[in-house]
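Reminder, nothing fancy here: chain letters follow the sequence lines and each chain counts from 1. Please read all numbers here as calculations on a predicted model, not as lab measurements.
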Amino acid sequence: MDKAFDPASFEEKWQRWWAEQEIFVARNGPRDEAYCIMIPPPNVTGVLHIGHALQSTIQDLLTRWQRMHGRNALWLPGTDHAGIATQLMVERQVAEEGGDRRAMGREAFLERVWEWTHRHHGNIRQQLDKLGASCDWSRERFTLDEELSRAVTCAFVRLYRDGLIYRGEYMVNWSPGLDTALSDLEVEMKEVRGKLYRIAYPVADSDERIEVATTRPETMLGDTAVAYHPDDERYRRLAGCSAVLPLIGRRLPFVADEAVDPEFGTGLVKVTPAHDPTDFEIGRRHDLPSVQVIDRRGRMTGEAGEPFAGLDREQARARVVEELERQGALVAVEEYVHNVGHCQRSGVPIEPLLSTQWFCDVSGMAERARMAVAEGELRLVPESWGKTWEHWLANIRPWCISRQLWWGHRIPAWYTADGDCFVAESFDQAVAAAGTRELTQDADVLDTWFSSGLWPFSTLGWPDETADLATFYPTDVLVTAFDILFFWVARMVMMGLHFTDRPPFHTVHLTGLVRDAQGQKMSKTRGNTVDPLELVDEYGADALRFTLAALDTPGRDIPLDPERMAGYRAFGNKIWNATRFALSRTAGAEVTPELDPAGLADPERWILSRFARAAADVDRRLGEYRFDQACERLYHFFWGDLCDWYIELSKPVLLGDADRPRVAEVLLTVLEASLRLLHPVMPFLTEELWQRLPGRQRVHPLSIALAPYPEPVDGWLDDGVERRMQALTEVVTRVRALRADLGLPPRERPRLYLDSDDPALLDWLLEHRALLAFLGRLSEVVAEPAPEGASRDAAGGVRLGLEVAERELTAAERERLASELAGVRQQIGRLEQLLANPQFVGKAPPEVVARNRERLAELESRRADLESGAGG
RNA sequence: GGGAGGUUAGCUCAGCGGUUAGAGCACCUGCCUUACACGCAGGGGGUCGUGGGUUCGAAUCCCUCACCUCCCACCA
């Protein structure tokens with residue numbers, strides 16, 4: 001074995017081998033043996049970023065853990081067609097070649113996208129492979145696969161027949177940048193420094209002028225009313241009157257509407273039903289006409305009249321202001337900071353537009369989704385997301401699901417020449433329903449998230465009743481970042497409840513966002529993004545995985561620090577070298593899974609007990625989705641208990657002439673079990689090392705990935721041994737500290753004096769004098785009070801003295817003793833006060849009182865030592 | 001305007017009612033001790049954001065304030 005571990009030398013080998021052995025291929029079988037996680041499908045032409053690496057690590061960790069627990073574990077991989085993102089990418093390409101998608105035509109363009117998709121498909125798998133993902137690639141899915149598309153059509157048709165999908169003209173969020181309608185979620189509110197214009201409108205047949213305020217003067221061209229609040233005394237008199245729209249001359253009726261805030265401005269609002277959501281509602285309530293003055297590309301229409309028609313909305317704004325000013329209708333212009341909706345993808349301001357679109361009425365589904373969390377049928381981890389979930393679902397509005405794009409699932413609706421609409425699963429069925437073949441299919445495609453919402457069951461064969469669906473649905477855990485909680489998670493839950501009557505998973509684990517080492521958000525403009533594959537090359541996949549898992553504290557973002565990752569790479573090296581030591585010093589011994597502690601010496605019983613405890617803790621913490629705590633426990637058990645102590649304790653036997661029963665066997669056995677405990681987090685390294693252990697076949701004939709996850713072994717737990725061994729390690733640590741204070745060179749081997757009020761403990765320590773001598777580099781250990789001149793201390797319930805040559809106390813020693821005495825006195829004072837307090841003694845639990853009494857006794861004994869001039 | 005989270009060692013974070021508040025990295029001292037210098041041993045370092053309250057006991061529970069993050073929201 002090489003002296004240092006080199007992840008690059010074996011990671012690829014094992015990923016290939018796992019695939020060849022079909023270790024991650026799940027089978028059909030009983031529902032209760034199955035465990036299933038669906039990957040949040042990344043963009044098919046995309047590249048995995050560090051957030052994907054985090055989520056993949058968690059998903060893989062869970063899947064491997066459950067697989068080792070004997071579950072029929074399926075982690076189903078796949079990709080998303082990502083409508084807008086992919087179409088934009090290819091459009092940009094076409095544009096670079098001087099082309100244009102409209103000029104190309106729908107079919108030619110789609111061919112181009114498919115080509116692009118096929119070329120990039122495979123990237124994602126390669127990347128997941130490098131991370132060690134244990135996906136079942138035989139079940140890989142793509143949202144535009146024939147079967148998944150069939151599921152989408154079926155879902156659409158069913159919702160339509162249930163009356164939950166409908167087509168109609170409503171106010172939508174229109175993106176002039178993308179030339180399509182968007183859902184509310186795709187609109188990003190941004191604070192914008194703009195202007196508030198106050199405009200005077202004359203009251204018809206009077207000399208009076210009223211004043212309205214707007215941030216968008218160009219929309220006045222489409223005004224069809226002026227509104228005030230029904231309770232507003234100031235304007236009731238205007239009922240039945242009209243205002244005259246400047247520049248246009250149209251008469252605008254005054255209407256009273258609750259939506260108006262009388263406190264804002266003058267309490268009068270211009271109403272533009274075609275270009276503002278609130279105004280649209282007011283228009284509906286008062287039966288006002290709509291005048292559309294802005295078109296889909298953000299330009300003024302003919303209705304805007306001369307000289308505005310044809311101008312861009314920004315230009316028109318300036319022009320309108322200019323005209324108003326000229327006519328003396330502009331009363332004031334104020335600086336104004338307000339929120340404006342922007343298109344998440346193209347960045348341009350959203351234009352609220354009246355448009356005919358397909359909508360999904362999700363109110364009923366949303367209520368069920370809300371209840372699922374409220375009643376505990378669906379669990380959010382961390383739970384703090386519950387309120388956000390509740391609030392969003394309680395205030396949900398119809399979902400605009402049609403997009404004026406080409407890349408996606410075409411809406412299964414056909415129109416006759418007369419405009420009659422037939423929604424059907426296929427053209428033929430539409431023909432059958434319509435009674436004519438003269439049908440035109442709806443040009444639009446569905447919101448990408450519509451198909452994503454079906455992902456947990458469409459990937460398993462729904463709407464057919466497949467064996468996969470029976471085995472794996474509902475799935476178990478969904479792991480994703482909180483930023484798509486509504487886009488995706490909520491919609492999956494709504495769709496799952498609607499179509500399958502069950503939530504598609506019982507738990508949602510929401511991870512934080514990966515940030516840089518300073519806690520800054522990663523972004524291309526900041527230039528602080530990291531490529532997970534580069535990290536794999538530099539630190540190894542296992543170190544990256546361990547780092548991500550260890551930092552995944554619930555509800556917190558993850559500051560990814562390269563130095564920390566280097567620390568976990570060092571941990572990998574530690575594991576490597578511990579194994580190297582074990583293999584080189586245990587010739588002839590084998591892993592013995594059912595090891596019985598009877599007949600073993602205390603160090604062996606100790607490490608078995610420590611292992612059993614660690615195994616129980618790690619397993620429990622994984623079950624609580626506390627990957628951070630599980631990792632910390634793994635790290636400290638392996639490095640601290642196993643390497644720092646047990647391997648050292650084994651050396652007198654394995655390297656020297658000491659004799660204790662079955663030490664080699666214990667070391668190999670604990671090492672083997674530890675590798676299994678680590679495997680879900682560090683799959684490559686543990687497989688590489690595990691395969692070298694003699695006797696591993698007794699645990700599993702093929703792979704550590706299929707070996708059982710360590711179960712806590714009650715027979716290995718031993719409190720008594722752990723207590724005694726703790727005294728031993730504490731004594732050793734004190735001895736080493738004394739040596740450091742005294743500046744003793746490593747070669748020097750002083751004698752150690754031990755003395756204790758606990759004769760049993762003292763006897764036991766004496767029995768292990770050889771170990772104490774080895775670990776503390778001592779010449780001998782005797783059970784006598786330390787003589788004059790010895791350097792003294794206390795630890796683990798014993799007084800100890802180190803015999804050193806005639807000398808003065810070193811300054812360091814004197815300082816340490818003085819500060820210790822001061823500390824001891826202070827604590828004694830505190831404890832005496834505490835124990836003298838009848839409230840404490842009366843009310844605190846007896847064991848807490850007892851513990852403090854013991855502590856006080858120890859401190860008093862230590863104080864006596866120190867005061868009697870310990871150290872000579 | 002609502003809501004969530006944060007403020008603990010130089011940095012990034014654990015701990016969330018009971019002895020002397022922890023980790024990783026960084027720092028200091030001494031060591032290449034035949035598994036590992038990606039290492040070993042020892043060590044320094046914190047009025048746990050502010051002010052109050054509950055309690056025998058608070059970093060931990062409650063309230064106030066301050067400062068940061070983020071999400072949601074049709075006030076023109």
Ion pair present between [X] and [Y], side-chain N to carboxylate O less than 4.0 angstrom?
X: A/K195; Y: A/E335; answer: yes
X: A/E334; Y: A/R198; answer: yes
X: A/R620; Y: A/E624; answer: yes

Sticking with atom [atom1], work out how far [N] lies from [M], rounded to a whole angstrom.
N: B/rC40; M: B/rC32; atom1: P; result: 16 Å
N: B/rA21; M: B/rC13; atom1: P; result: 23 Å
N: B/rA9; M: B/rG46; atom1: P; result: 10 Å
N: B/rU19; M: B/rG5; atom1: C1'; result: 32 Å
N: B/rG15; M: B/rG6; atom1: C1'; result: 15 Å
N: B/rG24; M: B/rG42; atom1: P; result: 13 Å
N: B/rU50; M: B/rC67; atom1: C1'; result: 11 Å
N: B/rU7; M: B/rC48; atom1: C1'; result: 10 Å

Complement of [N], any strand, by Watson-Crick or G-U distances under 3.5 angstrom:
N: B/rU69; value: B/rA4
N: B/rA23; value: B/rU12
N: B/rU33; value: none

With nearest nucleotide decided by heavy atoms, which residue, A/A566 or A/F840, maps closer to the 5′ end of RNA chain B?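 First, find each residue's nearest nucleotide; the 5'-ward one identifies A/A566.
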Quick check on RNA chain B: between A/E263 and A/R585, whose nearest nucleotide comes earlier from the 5' end?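 With A/E263 and A/R585 compared, the 5'-side residue is A/R585.
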[X] side chain: which of [options] is closest?
X: A/F581; options: B/rC75, B/rU12, B/rA35; answer: B/rA35
X: A/K3; options: B/rC74, B/rC36, B/rU33; answer: B/rC36
X: A/D644; options: B/rA41, B/rC38, B/rC13; answer: B/rA41
X: A/I647; options: B/rC74, B/rC13, B/rA35; answer: B/rA35
X: A/R569; options: B/rA35, B/rG42, B/rC38; answer: B/rC38
X: A/R564; options: B/rA35, B/rA26, B/rG24; answer: B/rG24
X: A/A844; options: B/rA4, B/rC72, B/rG18; answer: B/rG18
X: A/E632; options: B/rA14, B/rG42, B/rC71; answer: B/rA14
X: A/N573; options: B/rA26, B/rA23, B/rC36; answer: B/rC36
X: A/H636; options: B/rG42, B/rA35, B/rG24; answer: B/rG24

Counting the atoms with a prime plus P, OP1 and OP2 as sugar-phosphate, which does [X] contact under 4.0 Å by heavy atoms, base, sugar-phosphate, or nothing?
X: A/N837; value: sugar-phosphate
X: A/R580; value: sugar-phosphate
X: A/P838; value: nothing
X: A/T579; value: nothing
X: A/E648; value: base
X: A/K270; value: nothing
X: A/L196; value: nothing
X: A/N339; value: base
X: A/A570; value: base
X: A/R626; value: sugar-phosphate
X: A/Y336; value: sugar-phosphate
X: A/R830; value: sugar-phosphate
X: A/E563; value: sugar-phosphate
X: A/W389; value: nothing

Is there a side-chain polar atom (N or O) of [X] under 4.0 Å from OP1 or OP2 of [N]?
X: A/R556; N: B/rA14; value: yes
X: A/K574; N: B/rC36; value: no
X: A/K387; N: B/rC72; value: no
X: A/W639; N: B/rC40; value: yes

If the plane angle is over 60° it's perpendicular, under 30° parallel, otherwise tilted; pick one for A/W576 and A/F5.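 It falls in the tilted class, 30° to 60°.
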Quick one, A/Q726 with A/T729, criterion side-chain hydrogen bond (donor to acceptor under 3.5 Å, both in side chains). Give me CA distance, side-chain angles, the key distance, then yes/no. CA-CA 5 Å; A/Q726 190 182 341; A/T729 58; over 6 Å; no
Test applied, ring pair (Phe, Tyr, Trp, His ring centres under 6.0 Å); reference residue, A/Y568; option that passes from A/Y539, A/Y635, A/W639: A/Y635
Which pair of non-hydrogen atoms, one from A/C631 and one from A/V681, has the smallest distance, and what is that distance?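 Reported closest heavy-atom pair: SG-CG1, 4.1 Å.
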Would you kindly give the [atom1]-to-[atom2] distance between [X] and [N], to the nearest whole Å?
X: A/L380; N: B/rG5; atom1: CG; atom2: C1'; answer: 16 Å
X: A/R515; N: B/rU12; atom1: CZ; atom2: P; answer: 12 Å
X: A/K190; N: B/rC70; atom1: NZ; atom2: P; answer: 14 Å

Other residues, nucleotides, ligands: >12 heavy atoms within 6.0 Å of A/H338 NE2: yes
Would the base of B/rA35 count as contacting A/K651 through its side chain, where contact means a donor and an acceptor less than 3.5 Å apart?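 Yes, a donor-acceptor pair under 3.5 Å.
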Would you confirm whether the ring centroid of A/Y235 sits within less than 6.0 angstrom of the ring centroid of A/F254?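 When the ring centroids of A/F254 and A/Y235 are compared, they turn out to be at least 6.0 Å apart.
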